[in-house]
Protein chains: 2
Amino acid sequence: MPLYSEERKNRILSDIEQHGRASVQDLVETFGVSESTIRRDLNEMEKEKLLKRTHGGAVSNDSVNFEPTMIERVDRFYQEKQKIARKAASYINNGDTILVDAGTTTLPLVEAIKILKELTVVTNSVVHAEALKNSPHIEVVVLGGRLRHETQALVGPITDQALDHLHVDKAFLGTNGIDLSGGLTTPNIIEASTKRKMIDQATEIYVLADNSKFGKVAFAKFGEISDLTGCITDGEVDLSFVEAFHQKNILLDIVSQQEEGR
Amino acid sequence: MPLYSEERKNRILSDIEQHGRASVQDLVETFGVSESTIRRDLNEMEKEKLLKRTHGGAVSNDSVNFEPTMIERVDRFYQEKQKIARKAASYINNGDTILVDAGTTTLPLVEAIKILKELTVVTNSVVHAEALKNSPHIEVVVLGGRLRHETQALVGPITDQALDHLHVDKAFLGTNGIDLSGGLTTPNIIEASTKRKMIDQATEIYVLADNSKFGKVAFAKFGEISDLTGCITDGEVDLSFVEAFHQKNILLDIVSQQEEGR
DNA sequence: CTGATTATGATTGATTATGATTATAATAGA
DNA sequence: TCTATTATAATCATAATCAATCATAATCAG
C-alpha cells in the first residue's frame with residue numbers, strides 16, 4: 001500500500017531529524033518512489049523551513065540538532081548499516097513475526113520495516129521499541145530483562161525466559177565477530193546467552209554484520225555459522241567465507257559498497 | 001442498514017485513529033457509499049480539525065504530530081505531577097527495589113529518583129526505561145510484553161509472567177479512577193490485569209493520583225483501596241476519602257497546591 | 001398535503017501526484 | 001585546470017483524485 005505524500009514527508013523528516021541527513025538515493029530506495037518525487041518533497045519541506053536542502057539530499061535544519069560531531073559519530077557507518085538493513089528488510093514479508101536483536105546495526109532495520117503492515121516485531125532493545133512506538137500497524141513485543149547501560153539491550157534470565165514462550169519466523173541478529181572456526185561471538189557472556197536463545201526460537205536466522213566483523217572472534221560464543229539461514233553484509237568479503245557459506249548452503253548477501261557524499 | 005452520517009463519521013474517525021490513515025476507496029467499500037459522500041465527510045472532519053486530509057484519503061491528526069500531543073498530554077498537569085512525584089520519591093530509600101508503573105503521572109518519579117544510589121527499578125514502560133538509561137548506578141529491569149501504542153505501556157501475558165518471578169519492596173502505580181466503592185480502575189482491561197499483578201508482587205503499594213481521579217470509576221478494576229499502603233495526591237480531597245483512608249489506616253499524602261512559585 | 005431542507009450519488013472538467021525525459025548545473029577525479 | 005559523473009530543475013504526459021454542480025430521494029415543518 002503506497003504512502004500518502006503527507007506520510008512520506010513526515011517520515012523523511014523524522015529520518016533526517018534522527019540521523020542529521022538523508023540522501024535522495026536512499027530515500028528513493030526506502031520509499032520506492034522516483035527521484036522527482038523525493039526532490040519535490042525535499043524542496044517543499046525546505047520552503048517550510050523544515051530542513052535544509054543539499055546536493056544529493058538534505059540535512060536537518062533543527063537547532064535541536066546540536067553537536068555535529070555527535071551526529072558524525074553516530075553516522076560513522078550509517079550508510080553501510082542503512083544498506084545492510086534495507087537488504088535485510090527485503091527478506092521480511094507482511095504478516096511475518098520477526099525478532100530484532102538490539103544493536104546499532106539492527107536499528108536501521110526497524111526504521112526500514114516501518115512501511116510494512118501486519119508485522120509482529122519482537123525485540124530486546126528499548127531503543128528499537130521506541131523507534132516503533134508510532135507505528136500503530138506494527139505489533140511490538142518487548143522482551144523484558146535487565147537493561148545493560150552499555151548497549152541499551154535487555155538481557156538476563158527474564159529475557160531468556162520470555163523467549164522461552166515465543167517462536168518467530170525470522171530472527172535478525174547483530175554480532176561482534178563472525179569467523180569460520182570461531183563462529184559467532186560477542187564480548188558479553190550474558191548477551192551471548194540471550195542471542196543463543198534467539199537462535200533457538202527462530203525458524204530462520206539472519207546475521208547483519210558489516211565487513212569489519214569478518215574474521216573477528218570475541219569472548220563469548222553464541223552460535224556457529226551453520227546455525228544461520230543467511231548473513232547480510234557489505235563490501236569485500238574474503239573468498240574463504242564465500243566458499244564456506246556456499247558449501248554449507250548458507251545465504252551470503254553482499255550489498256555493494258558504492259559510497260556517496262562526504 | 002444505512003448509517004446516519006454522524007455515525008459513519010464517528011466510525012471513519014475511529015478507524016483513522018486506530019490505523020493512522022484511511023483511503024477514500026477503502027471507506028467507500030467499508031460503508032457502501034459513494035466517493036462524494038466520503039469526501040464530504042472527510043472534508044467536514046478536516047474543518048473540525050479531527051483529521052488531516054491527503055490526496056486519496058486522510059491521516060490521523062494525532063499521529064502526524066504525535067510528539068507535540070504527547071508532550072502536551074504530559075504537560076497538562078505537569079506542575080502537579082511533578083510535586084506528587086517528588087513527594088512519592090521521598091518514600092524511596094537507597095537500596096530499595098521498586099516497581100514503577102507506566103504512565104504520565106509516574107514519569108516524573110523516575111526523573112526524581114535519578115539522584116538516588118543503589119536502586120533497582122522495575123518498570124513496564126519503555127519511556128521510563130529510556131529516561132533511566134544514562135543512570136549507571138540504577139539497575140533497570142524492564143518487564144517484557146506487548147507495547148500498547150496508546151499508553152506506551154508493556155502489557156499482556158508476557159508482562160504478567162515476568163512479574164511472577166519478581167518481588168519488590170515498593171510499587172508506585174498510576175490510576176484513572178479511585179473511588180471508595182469502585183476501588184482502583186483503569187479504562188483498559190489488559191492494563192488492569194498487569195496493575196493487579198503489580199499489587200500482588202509488592203510489599204508496599206502506593207498510588208499516585210492527582211485530585212481529578214478521585215470519585216472516578218473507569219471500566220476495569222485492578223484493586224481495592226484497602227490494597228494500598230498509601231496514596232499521594234494534590235489539591236482538595238473530599239472529606240469522605242480522608243476519613244475512609246484514616247479508618248483503614250492507609251496513608252493519604254496530600255501535597256499542597258500552591259507550594260513553590262510559578 | 002406542499003414546499004423546504006438534507007443527504008446522497010452521478011457527472012465532468014479541474015487539480016494533484018507522480019514518473020519519465022532532457023538540458024543544465026554542481027561535484028569529483030585526473 | 002579539464003573532463004566525467006552525478007544531481008538538478010524544468011517540462012511534459014498520464015493516471016488518480018478532486019471540487020463543483022446538478023438531480024434525486026428521503027425527511028421534516030407547517
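Each chain gets a letter, A, B and so on, in the order its sequence line appears, and its residues count up from 1.
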Pair A:E7-B:T54, side-chain donor/acceptor within less than 3.5 Å: no
Between P of C:dA17 and CD1 of A:I12, the distance in whole Å: 14 Å
Of A:I38 and B:I38, the one whose closest DNA chain C nucleotide lies more 5': B:I38
For the pair A:F172 and A:Y206, name the ring-plane relationship: parallel under 30°, tilted 30 to 60°, perpendicular over 60°. parallel
For a quick test of reading the model: is some side-chain N or O of A:T37 closer than 4.0 Å to OP1 or OP2 of C:dG19? yes
Would you mind reading off the distance between A:E44 atom CD and C:dT18 atom P, rounded to a whole angstrom? 9 Å
Whole-Å distance separating the CG atom of A:L27 from the P atom of C:dG19: 13 Å
What string of B, S and - do you get for nucleotides 14-23 of chain D, 5' to 3', if B is base contact, S is sugar-phosphate-only contact and - is no contact with any protein heavy atom under 4.0 Å? ---SBS----
When you compare the side chain of B:R53 with that of B:R39, does any pair of heavy atoms fall below 4.5 Å? yes
Which side-chain N or O atoms in residues 176-187 of chain A pair as donor and acceptor under 3.5 Å with protein atoms at least two apart or in another chain?
{"residue": "A:N176", "atom": "OD1", "partner": "A:T186", "partner atom": "OG1", "Å": "3.3"}
{"residue": "A:D179", "atom": "OD2", "partner": "A:S181", "partner atom": "N", "Å": "3.1"}
{"residue": "A:D179", "atom": "OD2", "partner": "A:S181", "partner atom": "OG", "Å": "3.0"}
{"residue": "A:D179", "atom": "OD2", "partner": "A:G182", "partner atom": "N", "Å": "2.9"}
{"residue": "A:T185", "atom": "OG1", "partner": "A:A218", "partner atom": "N", "Å": "2.7"}

Rounded to whole Å, CE of A:M45 lies from P of C:dA17 at a distance of 13 Å
Test: B:R21 cationic atom under 6.0 Å from A:Y4 six-membered ring centre, within 45° of axis: yes
Atom pair distance, as rounded to whole Å: CZ in B:F31 and P in C:dT8: 12 Å
Is the backbone of A:D101 close enough, under 3.5 Å, to the side chain of A:N124 for a donor and an acceptor to pair up by distance? no
